[in-house]
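Step one of this worksheet: look at the structure below.
Treat the numbers as computed from the prediction; the structure is a model and nothing was measured. Below, read A as the first sequence line, B as the second, and so on, with proteins coming before strands; counting in each chain starts at 1.
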Number of protein chains: 2
Amino acid sequence: MSSSIQPKRIRKDPAARRAEIVDAAAAVALTEGLECVTLRRIGEELAVRPGLISHYFPSAEDLVAEAFGSAATAELDHLLPAGRPEGTPRGDLARFLARTSGEAYDAISRLWLNARHLSRYRPVLRDRVARQEAAWRERLETLVRDGVRAGEFRTADPLAAAVQILVVLDGLGVHANTATPERPAAVLRMAVTTAERELGLPPGALDRTTD
Amino acid sequence: MSSSIQPKRIRKDPAARRAEIVDAAAAVALTEGLECVTLRRIGEELAVRPGLISHYFPSAEDLVAEAFGSAATAELDHLLPAGRPEGTPRGDLARFLARTSGEAYDAISRLWLNARHLSRYRPVLRDRVARQEAAWRERLETLVRDGVRAGEFRTADPLAAAVQILVVLDGLGVHANTATPERPAAVLRMAVTTAERELGLPPGALDRTTD
DNA sequence: GATGCTATTGAGTGTGCGACCAATAAGCAA
DNA sequence: TTGCTTATTGGTCGCACACTCAATAGCATC
C-alpha cells in the first residue's frame with residue numbers, strides 16, 4: 001500500500017542524530033526562517049516524531065539558536081575561510097565583497113535580519129547572535145591586519161575599518177525581504193567604496209577580477 | 001467590589017474608535033513589537049473584547065500593517081517635518097542626524113528591524129514597509145535638494161546621497177536588539193561622516209550645535 | 001416613547017505551538 | 001540467549017492565536 005509508512009524504528013548514534021537535527025534546523029532556518037524551526041517542523045523534515053527533537057533539545061529555543069549559529073558559521077567559513085588565507089589579502093577581500101553583493105547573499109541577509117529581530121524575545125539566540133557578530137568582526141579584522149602587514153592596506157585602526165565595512169553590508173542587506181527599487185550605482189558600490197576608502201586603496205582596487 | 005468590572009458598554013463613533021485602535025496598536029508595536037499586535041492584546045489595551053477589533057480590522061494583518069505605518073509616519077514627521085523646513089537645510093540635517101543617533105532612536109530601529117523581518121511573511125505589511133521606505137527616502141532627498149538649491153550642499157545626485165545616508169543609518173540601527181560592545185568613534189560618527197562627504201561639507205559641519 | 005441601525009459582546013471553532021510522560025523496542029553487553 | 005540502557009514513539013495537556021456569528025444594547029432618529 002502506502003509506501004510512506006515506516007513501522008521500523010531507526011535508532012541512531014546520539015551524536016549523529018543530533019548533528020542531523022542541527023543540519024535540518026539550519027536548512028529550515030535558511031530557507032523558511034527561524035520561526036519555522038519548530039519541533040514539529042524539524043521532526044517532519046527527518047521523518048521522526050516531535051518528541052525526539054525535544055529529547056535532544058529539551059528547550060526549543062536552544063535548537064533555534066543552534067540552527068542560526070550553524071548556518072552563520074558555515075556561511076562565514078565560505079566567505080572568509082579561516083586559517084591561512086588562500087590568496088593575497090586584497091584578493092580575499094575583493095572576493096568577500098563580491099560574494100556579499102548580489103542576490104545569492106540575500107538568503108544570508110534574511111537570516112541575519114531574522115536573528116537580530118528574534119533576539120528581542122529570545123535571550124539564548126541573542127547570545128548566539130552576539131557571538132556570531134564577534135566572529136565575523138574578528139575574521140574581517142584579521143584580514144585587514146594581514147593586509148596592513150603585507151603593505152597592501154593602509155589604516156590606523158583595522159577594527160574600525162572592519163566594523164565600518166560590516167555596518168555598510170548590514171545596511172545594504174536590510175532590504176532582502178522587500179522588493180527594492182532600482183538603486184543608484186553609488187549605493188550598490190557602497191561596500192566596495194567604503195573598503196577602498198578606509199583601507200587607503202585607489203578606486204577600483206577591490207573590484208572582483210575573477211570568481 | 002472589584003472596581004475593574006464594567007458592565008456598561010461604551011459605544012463610540014466608528015471613526016474615533018478606529019483611530020483609538022490604530023493608536024493603541026502603534027504604541028504596542030513600538031514598545032513590545034509587531035507580533036504583540038494581536039486582537040487580544042489590543043482589545044485588552046482598550047478594555048474591549050477582541051471581537052471588536054476584528055469588527056474594525058477583519059484581517060489582523062491589516063491592523064499590524066496600519067500600526068507600523070502609523071508609528072513610522074509619526075516618527076518621520078518628528079525627525080524631518082514636512083512642508084516648509086524650520087531652519088536651514090544644514091541645520092535640519094544636523095538635527096536629523098543627531099536624533100537618529102543615540103539610544104532614544106533605538107525603539108525606532110527596533111521597529112524597522114521588526115517590520116522588515118515580518119515583511120517576509122506578511123504581504124500587506126511588506127507593502128507598507130515599501131511605502132514608508134519611499135516616504136523617508138523622498139523626505140530626505142527633498143532636504144538635500146533644498147540644501148543644494150540654497151548653496152549649502154554640493155552633490156551631483158541628491159537621491160544617491162540620501163539613500164547612502166539611510167543605508168548607513170540602517171546598518172547602525174541593526175544592533176538595537178543586541179548588546180553592542182563599545183564601538184569605535186569612527187563607527188559612531190559614520191552617519192555624519194557619510195553625509196558630510198556626500199554633500200561636500202567640511203568635517204564637523206553637521207555636528208549638532210543645539211537641539 | 002417607540003423604532004431601527006449597528007457597535008459591541010459572548011461564546012465557540014480550529015490550528016499550531018512547547019512541554020510532558022509512560023510505553024515501546026533497538027542494539028549492545030554479559 | 002538474556003537483560004539493560006536509552007533512543008524513539010504515541011498521546012495528552014495547556015496555551016495563544018485568528019476567525020465566525022448570533023445575541024445584545026447604546027444611541028440617534030422619528
Side-chain angles (χ1 to χ4, degrees), chain A residues 2 4-25 28-29 32-68 114 117-118 120-125, chain B residues 4-25 28-29 32-68 114 118 120-125:
Chain A
S2 146
S4 64
I5 60 161
Q6 180 166 17
K8 201 67 178 170
R9 290 189 183 181
I10 304 179
R11 191 189 178 100
K12 296 197 175 182
D13 174 67
R17 181 65 95 180
R18 190 189 161 93
E20 188 182 42
I21 290 173
V22 171
D23 286 350
V28 169
E32 303 172 29
L34 290 166
E35 25 278 285
C36 294
V37 176
T38 67
L39 304 183
R40 284 168 172 76
R41 181 72 185 79
I42 304 304
E44 176 192 1
E45 195 75 10
L46 300 175
V48 136
R49 309 271 76 198
L52 183 61
I53 314 295
S54 272
H55 176 68
Y56 287 93
F57 291 89
S59 166
E61 190 178 346
D62 291 343
L63 176 58
V64 172
E66 194 70 18
F68 166 74
N114 194 167
H117 166 64
L118 212 55
R120 181 173 184 171
Y121 308 105
R122 311 257 170 113
V124 182
L125 177 60
Chain B
S4 63
I5 59 160
Q6 182 169 9
K8 200 68 175 167
R9 289 189 183 180
I10 304 180
R11 191 190 177 98
K12 296 196 174 180
D13 175 68
R17 180 66 93 182
R18 189 190 161 93
E20 189 182 42
I21 290 173
V22 171
D23 286 351
V28 169
E32 303 170 32
L34 291 166
E35 22 278 285
C36 294
V37 176
T38 66
L39 303 182
R40 284 171 170 74
R41 182 72 186 78
I42 303 305
E44 175 193 4
E45 195 76 8
L46 299 176
V48 137
R49 308 272 82 197
L52 184 60
I53 314 296
S54 272
H55 176 68
Y56 288 92
F57 291 88
S59 167
E61 190 178 348
D62 291 344
L63 176 57
V64 172
E66 193 70 19
F68 167 73
N114 194 166
L118 212 55
R120 180 173 186 171
Y121 308 106
R122 311 260 171 112
V124 182
L125 177 61

Legend entry - Proximity to the side chain of Arg49(B) - top-ranked nucleotide from dG10(C), dA19(C), dT8(C):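 Closest of the options to the side chain of Arg49(B): dG10(C).
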Inset, instruction - Counting heavy atoms from C-beta on, name the nucleotide in dC19(D), dT24(C), dA7(C) closest to the side chain of Arg9(A). - result: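 Output: dT24(C).
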[X] side chain N/O closer than 4.0 Å to the phosphate oxygens (OP1, OP2) of [N]?
X	N	result
His55(A)	dT8(D)	no
Lys8(B)	dG26(D)	yes
Tyr56(B)	dT8(C)	yes

Inset, instruction - Check whether the side chain of Arg11(B) and the base of dT8(C) form a donor-acceptor pair under 3.5 Å. - result: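 For Arg11(B), whose side chain was compared with the base of dT8(C), there is no donor-acceptor pair (under 3.5 Å).
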Between the protein and nucleotides 11-17 of chain D, list the N/O to N/O atom pairs that are separated by less than 3.5 angstrom.
{"residue": "dC17(D)", "atom": "N4", "partner": "Arg40(B)", "partner atom": "NH2", "Å": "3.3"}

Taking [X] for the side chain and [Y] for the main chain, is one N or O donor matched with an acceptor at less than 3.5 Å?
X	Y	answer
Glu20(A)	Leu46(A)	no
Glu61(A)	Val124(A)	yes
Asn114(B)	Gly33(B)	no

Quickly work out the [X] [atom1] to [N] [atom2] distance and round it to whole Å.
X	N	atom1	atom2	value
Arg122(A)	dC17(C)	CZ	P	12 Å
Leu46(A)	dT9(D)	CG	C1'	15 Å
Glu20(A)	dT8(D)	CD	P	9 Å
Arg18(A)	dT8(D)	CZ	C1'	17 Å
Ile10(B)	dA7(C)	CD1	C1'	12 Å
Lys12(A)	dA25(C)	NZ	C1'	17 Å
Asp62(A)	dG18(C)	CG	C1'	13 Å
Ile21(B)	dT8(C)	CD1	C1'	11 Å

Inset, instruction - Select base, sugar-phosphate, or nothing to describe what Pro58(A) touches, counting heavy atoms under 4.0 Å on all strands. - result: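 Here Pro58(A) touches the backbone only, sparing every base.
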Inset, instruction - Pick base, sugar-phosphate or nothing for Phe57(B), based on heavy-atom distances below 4.0 Å to the nucleic acid. - result: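 No contact.
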Legend entry - Distance, nearest 0.5 Å, that separates NE2 of His117(A) from CD of Glu35(B):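 Taking NE2 in His117(A) and CD in Glu35(B), the distance rounds to 3.5 Å.
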Legend entry - Cationic N near anionic O, under 4.0 Å, Arg40(B) to Glu44(B):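 Not counted as a salt bridge, because no side-chain N and carboxylate O are separated by less than 4.0 Å.
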Inset, instruction - Would you name the heavy atoms of Ser54(A) and Leu39(A) that are closest together and state the gap between them? - result: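 Here Ser54(A) and Leu39(A) meet closest at OG-CD1, 3.1 Å.
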Legend entry - Partner of Phe57(A) by side chain to side chain contact (heavy atoms under 4.5 Å, CB included), out of Val64(A), Val22(A), Leu52(A):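 Result: among Val64(A), Val22(A), Leu52(A), Val22(A) is the only option passing the side chain to side chain contact (heavy atoms under 4.5 Å, CB included) with Phe57(A).
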